[in-house]
Amino acid sequence: MTSLQKLGGIAAFLNAIVAIATLAIVVFLIRLSAIADPTKLNELAIHNPLPLLVQDGLKLFSAALSTVLVLALASYLRRHDSANNSATLVASSLGILSALCLAGNAAVSLYGITQATTLDDLTEFNGDQLNNWIRFLALAAIGLDGLWLFWISWLALKHRRLPVYLCYFGLVMGMFSLIPPLGLIVLILGIFWSIWIGNVLLQDALTNEI
């Protein structure tokens, strides 16, 4: 199991890098004003799609990394407390669903970009439909991730399987994730959480090898 923990720790650090890159793209290339305006996003997809393409690629990579991290953290908690296998399994299912929604969000976004050669190519109905799916999958990914993080942090806190302050940090992040306007704050906090949990998993894996 230590090999899975190592992979999970590495995935957590890589996810922190992906989050930093995503934040930079959103702030400096896509612009925050465009995120909340589907019309501006459509125009960007037509005239300068590269930032959106890179962002969607990062989403797909993050979904894969998140899946590894969810499995690694579940393995870590089960190894330290086999009595809570069912609760950990349910929590992990939420994490996997979140990763699938994130991948789905990226896939629908990529499809929209390939179709948006001109504004006229997207009928108002189809454009709205695509934007609604992209928004729904994004909110679902963030919400499910928040539920997973809250639940897994609560289990770890209850049974003292992770550092106490890391558990509290995870609980706060989990609650913030359920409030859509705080999405950018959650992304920033997630960088620090990923580094912290990655360090915990890697240290534990290295300790068990000695």
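On a predicted model such as this, the values are computed, not experimentally measured, just so you know.
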Does [X] reach the main-chain N or O of [Y] with its side chain, forming a donor-acceptor pair under 3.5 Å?
| X | Y | answer |
| --- | --- | --- |
| R161 | H159 | yes |
| Y168 | L157 | no |
| S194 | I191 | no |
| S98 | A141 | yes |
| S75 | L71 | no |

Parallel, tilted or perpendicular: rings of W196 and F169 (30°, 60°): tilted
Taking every non-hydrogen atom, the tightest pair across [X] and [Y]:
| X | Y | answer |
| --- | --- | --- |
| L77 | A156 | CD2-CB, 4.2 Å |
| I195 | A16 | CG1-CB, 3.8 Å |
| P49 | A45 | CB-O, 3.3 Å |
| L178 | P180 | O-CD, 3.4 Å |
| L144 | C101 | CD1-SG, 3.9 Å |
| K59 | L102 | O-CD2, 3.6 Å |

Kindly compute the distance separating [atom1] ([X]) from [atom2] ([Y]), expressed to the nearest 0.5 Å.
| X | Y | atom1 | atom2 | result |
| --- | --- | --- | --- | --- |
| I197 | I152 | CD1 | CD1 | 9.5 Å |
| I10 | L65 | CD1 | CG | 10.5 Å |
| S153 | L73 | OG | CG | 8.0 Å |
| I17 | L58 | CD1 | CG | 11.5 Å |
| I142 | N105 | CD1 | CG | 8.5 Å |
| W151 | W154 | CH2 | CH2 | 8.5 Å |

Intermediate values then yes/no, side-chain contact (heavy atoms from CB on, under 4.5 Å), L52 and I25: CA-CA 9 Å; L52 295 175; I25 289 172; over 6 Å; no
Indicate yes or no: at least one non-hydrogen side-chain atom of [X] is less than 4.5 angstrom from one of [Y].
| X | Y | value |
| --- | --- | --- |
| L166 | W193 | yes |
| L139 | R135 | yes |
| L184 | L32 | yes |
| Q5 | L202 | no |
| N199 | F13 | yes |

Intermediate values then yes/no, side-chain contact (heavy atoms from CB on, under 4.5 Å), Y76 and V200: CA-CA 10 Å; Y76 173 84; V200 170; 4.3 Å; yes
Same cluster (ILVMFWY, side-chain, under 4.5 Å), [X] and [Y]:
| X | Y | result |
| --- | --- | --- |
| M175 | L155 | yes |
| I188 | I30 | yes |
| L4 | L89 | no |

Contacts of F176 that satisfy side-chain contact (heavy atoms from CB on, under 4.5 Å) - sequence neighbours left out: V172, L182, I185, V186, L189
Residues forming a side-chain contact (heavy atoms from CB on, under 4.5 Å) with S109, sequence neighbours excluded: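 For S109, the residues satisfying side-chain contact (heavy atoms from CB on, under 4.5 Å) (neighbours in sequence not counted) are D56, I113, I134.
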Under 4.5 Å side-chain linkage, directly or through intermediates, the cluster mates of L7: V68
Between N15 and S66, a side-chain donor and acceptor under 3.5 Å: yes
